[in-house]
> 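Supplied in C-alpha cells, the structure appears directly below.
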Amino acid sequence: MDGKLSGTTPFPAGPDLSDEERIARAQAAYERLSTRRSCRAFADTPVPRAVIEYAIRAAGTAPSGANHQPWHFAAIGSPDKKRAIREAAEAEERRFYGAEGDSPKASEEWLAALDPLGTDASKPFLETAPWLIVCFAQRKGGIEEDGAAQNYYVTESVGLACGMLIASLHEAGLATLTHTPSPMGFLRDICGRPEWEKPLMIVVAGHPAQDASVPDHALRKKPLDTISSWL
Ligand code: IYR
C-alpha cells in the first residue's frame with residue numbers, strides 16, 4: 001500500500017448559516033485580516049511555545065501538491081541560534097544594500113522600491129523577537145516520513161502554508177514579519193536541515209515594540225475593483 005489510503009470519507013458539512021450570516025462572517029474575516037501589518041520592531045516579551053505549535057499545526061493543514069506537505073518549520077527560540085541567524089542575515093543584507101562601500105547587490109530600482117519601507121541592513125528584531133520560524137520547502141520527500149518521492153508545486157504549497165501560518169499568528173494576537181534575507185542558504189546550516197530543503201522565508205513572531213511604526217506606504221492596499229474582475 002506504500003502508506004497511501006484509497007478510501008473516501010463524506011465531505012464535512014459546513015455550518016448551517018443563512019447567506020446574510022455568511023456575508024457577515026466573510027466581512028468579519030476580512031476586517032480581522034486587514035488589521036495585519038508587517039512589524040519591524042519587536043518587544044522581547046516571551047510568547048508561549050504552544051501558540052507557535054498551534055500556528056504551525058494550522059500551517060500544516062494547507063493544501064499542497066499531491067498532499068505531500070512539502071514544508072518544514074524550524075521554530076527558533078534559543079538566543080544563540082537567533083544571534084547566529086541575525087549575524088549571518090545582516091552580513092548578507094550589508095552586501096544587498098551595499099552598506100560596506102561595495103556597490104549594492106540590489107538594483108537601483110529594487111532599492112528605490114524599498115525606500116518607502118525604510119529597511120536597511122540592520123535586523124535587531126532577529127534577536128529581540130521571541131520566535132523565528134524558518135520555513136523550508138522540501139524538493140523531495142513525499143508524504144512519508146523520510147520519503148524520497150518527488151514533490152510537486154513546492155513553492156506554491158509552502159507559500160500557502162506560510163499564509164496560513166501568518167493568519168494564525170495574527171489571530172493569536174501576535175505581530176509578524178516575513179523576512180527574506182537574500183541569499184538565505186545559511187539558514188539550512190544553522191537549522192541543520194538537509195540539502196534538498198530550500199529556506200523560503202523567516203516568519204518573525206512576537207509582540208510589537210512600544211515604538212514600532214507602520215510606514216504609510218504599507219497602508220496603501222489596492223481596491224477590490226483593481227485586484228479582481230468578475231466575468
Ligand atoms: N531582504 C531585504 C530586502 C527586502 C526586500 C523586499 I522585496 C522587502 O519587501 C523588504 C526587504 C531586507 O529584509 O531588508
Side-chain angles (χ1 to χ4, degrees), residues 36-49 51-60 62 69-97 99 105-106 110 114 117-139 154-170 172 174-209 212 214-215 218:
R36 187 205 54 79
R37 299 278 166 263
S38 292
C39 178
R40 291 188 173 81
F42 284 82
D44 60 6
T45 314
V47 166
R49 172 179 162 147
V51 176
I52 307 302
E53 286 184 359
Y54 276 120
I56 293 175
R57 280 194 174 99
Q69 303 157 58
W71 40 65
H72 180 88
F73 301 95
I76 314 285
S78 101
D80 288 355
K81 290 275 184 212
K82 286 195 282 184
R83 188 175 322 111
I85 290 177
R86 177 185 179 180
E87 280 169 9
E90 286 184 334
E92 295 295 3
E93 298 292 9
R94 283 193 293 272
R95 288 186 275 274
F96 177 88
Y97 287 99
K105 276 176 66 185
W110 195 347
L114 293 178
L117 294 176
T119 54
D120 60 26
S122 161
K123 306 294 176 193
F125 56 78
L126 290 173
E127 277 193 88
T128 326
W131 292 103
L132 308 179
I133 308 171
V134 187
C135 307
F136 290 90
Q138 301 177 319
R139 281 190 280 263
V154 171
T155 310
E156 292 85 344
S157 302
V158 186
L160 288 163
C162 289
M164 291 174 64
L165 178 68
I166 290 161
S168 303
L169 293 165
H170 178 64
L174 292 182
T176 56
L177 176 69
T178 50
H179 176 49
T180 51
S182 151
M184 54 182 138
F186 66 87
L187 291 168
R188 198 188 290 119
D189 301 330
I190 293 176
C191 300
R193 300 307 302 170
E195 53 82 17
W196 59 87
E197 289 189 6
K198 182 179 178 232
L200 275 198
M201 66 183 79
I202 305 174
V203 172
V204 184
H207 294 280
V214 179

> Between Phe186 and Ala88, which heavy-atom pair has the shortest distance, and what is it?
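The pair with the smallest heavy-atom distance is CD1-CB, 3.3 Å.
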
> Run the side-chain donor-acceptor check on residues 69-76: report pairs under 3.5 Å with partners two or more places apart or on a different chain.
from	atom 1	to	atom 2	distance (Å)
Gln69	NE2	Asn67	O	3.0
Gln69	NE2	Asn67	OD1	3.0
His72	ND1	Arg193	NH2	3.4
His72	NE2	Arg193	NH1	3.3

> According to the side chain to side chain donor-acceptor pair (under 3.5 Å) rule, which pairs have a member within residues 178-188, sequence neighbours left out?
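Counting only pairs at least two positions apart or across chains, no side chain to side chain donor-acceptor pair (under 3.5 Å) contact touches residues 178-188.
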
> Does Thr119 reach the side chain of Tyr97, with side-chain heavy atoms less than 4.5 Å apart?
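Yes, side chains in contact.
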
> Strictly distance-based, threshold 3.5 Å: is any side-chain N or O of Lys123 a donor or acceptor partner for the main-chain N or O of Asp120?
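Yes; judged by distance alone, with no hydrogens or angles, the pair exists.
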
> Any heavy-atom pair between the side chains of Lys105 and Pro183 that's under 4.5 Å?
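Of all side-chain heavy-atom pairs linking Lys105 with Pro183, at least one is under 4.5 Å.
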
> Counting C-beta onward and ignoring hydrogens, is there a side-chain heavy-atom pair between Val47 and His207 closer than 4.5 Å?
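Yes - at least one pair of side-chain heavy atoms lies under 4.5 Å apart.
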
> Would you check if Gln138 and Val154 make a side-chain contact, meaning some heavy-atom pair closer than 4.5 Å?
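No, every pair of side-chain atoms sits at 4.5 Å or beyond.
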
> Check Ile133 against Ile56 and note the closest heavy-atom contact, atom names and distance.
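Nearest heavy atoms, Ile133 then Ile56: CG2-CD1, 4.3 Å.
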
> Apply side-chain contact (heavy atoms from CB on, under 4.5 Å) to Pro215 and list each qualifying residue two or more places apart in sequence or on a separate chain.
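Counting only residues at least two positions away or on another chain, Pro215 forms a side-chain contact (heavy atoms from CB on, under 4.5 Å) with Leu117, Ala218.
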
> Listed by chain and number, what are the salt bridge (charged side-chain N to carboxylate O under 4.0 Å, His left out) partners of Arg95, not counting sequence neighbours?
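Arg95 satisfies salt bridge (charged side-chain N to carboxylate O under 4.0 Å, His left out) with Glu92 once adjacent residues are dropped.
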
> Minimum heavy-atom separation for Thr45 to Pro130, with atom names?
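The pair with the smallest heavy-atom distance is O-CG, 3.3 Å.
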
> With sequence neighbours left out, what residues match Trp110 under ring pair (Phe, Tyr, Trp, His ring centres under 6.0 Å)?
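Scan of Trp110 (ring pair (Phe, Tyr, Trp, His ring centres under 6.0 Å), adjacent residues dropped) gives Phe96.
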
> With sequence neighbours left out, write down each residue that passes side-chain contact (heavy atoms from CB on, under 4.5 Å) with Ala167, or none if nothing qualifies.
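Counting only residues at least two positions away or on another chain, Ala167 forms a side-chain contact (heavy atoms from CB on, under 4.5 Å) with Leu33.
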
> Please enumerate all residues that pass side-chain contact (heavy atoms from CB on, under 4.5 Å) together with Ala175, with sequence neighbours excluded.
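With neighbours one apart ignored, the set is Cys39, Phe42, Pro208.
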
> How close do Ala62 and Leu160 get, heavy atom to heavy atom, and via which atoms?
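What the structure gives for the nearest pair is CB-C, 4.1 Å.
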
> Quick one: side-chain contact (heavy atoms from CB on, under 4.5 Å) partners of Asp189, sequence neighbours excluded?
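With neighbours one apart ignored, the set is empty.
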
> How close do Arg40 and Phe125 get, heavy atom to heavy atom, and via which atoms?
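In this case the closest contact between Arg40 and Phe125 is O-CD2, 3.4 Å.
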
> Less than 4.5 Å apart, side chain to side chain, heavy atoms only: is that true for Val203 and Leu177?
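Not in contact.
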
> Considering only heavy atoms from C-beta outward, does the side chain of Ser38 approach that of Thr176 to under 4.5 Å?
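With C-beta onward as the side chain, the pair stays apart.
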
> Measure the CE-CG distance between Met164 and Leu169 for me, rounded to the nearest 0.5 Å.
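If I round to the nearest 0.5 Å, the distance is 12.0 Å.
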
> Taking salt bridge (charged side-chain N to carboxylate O under 4.0 Å, His left out) as the test, write out the residues that go with Arg83, two or more places apart.
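By the salt bridge (charged side-chain N to carboxylate O under 4.0 Å, His left out) rule, Arg83 matches Asp80, Glu127.
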
> Any chance you could measure Cys135, atom SG, to Ile202, atom CD1, to the nearest 0.5 Å?
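That separation rounds to 9.0 Å.
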
> Considering non-hydrogen atoms only, spot the tightest contact between Ala89 and Pro181 and give its length.
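Of all heavy-atom pairs spanning Ala89 and Pro181, the closest is CB-CB, 4.1 Å.
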
> Suppose we screen for side chain to side chain donor-acceptor pair (under 3.5 Å). Which residues come up paired with Glu53, at least two apart in sequence or across chains?
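By the side chain to side chain donor-acceptor pair (under 3.5 Å) rule, Glu53 matches Arg49.
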
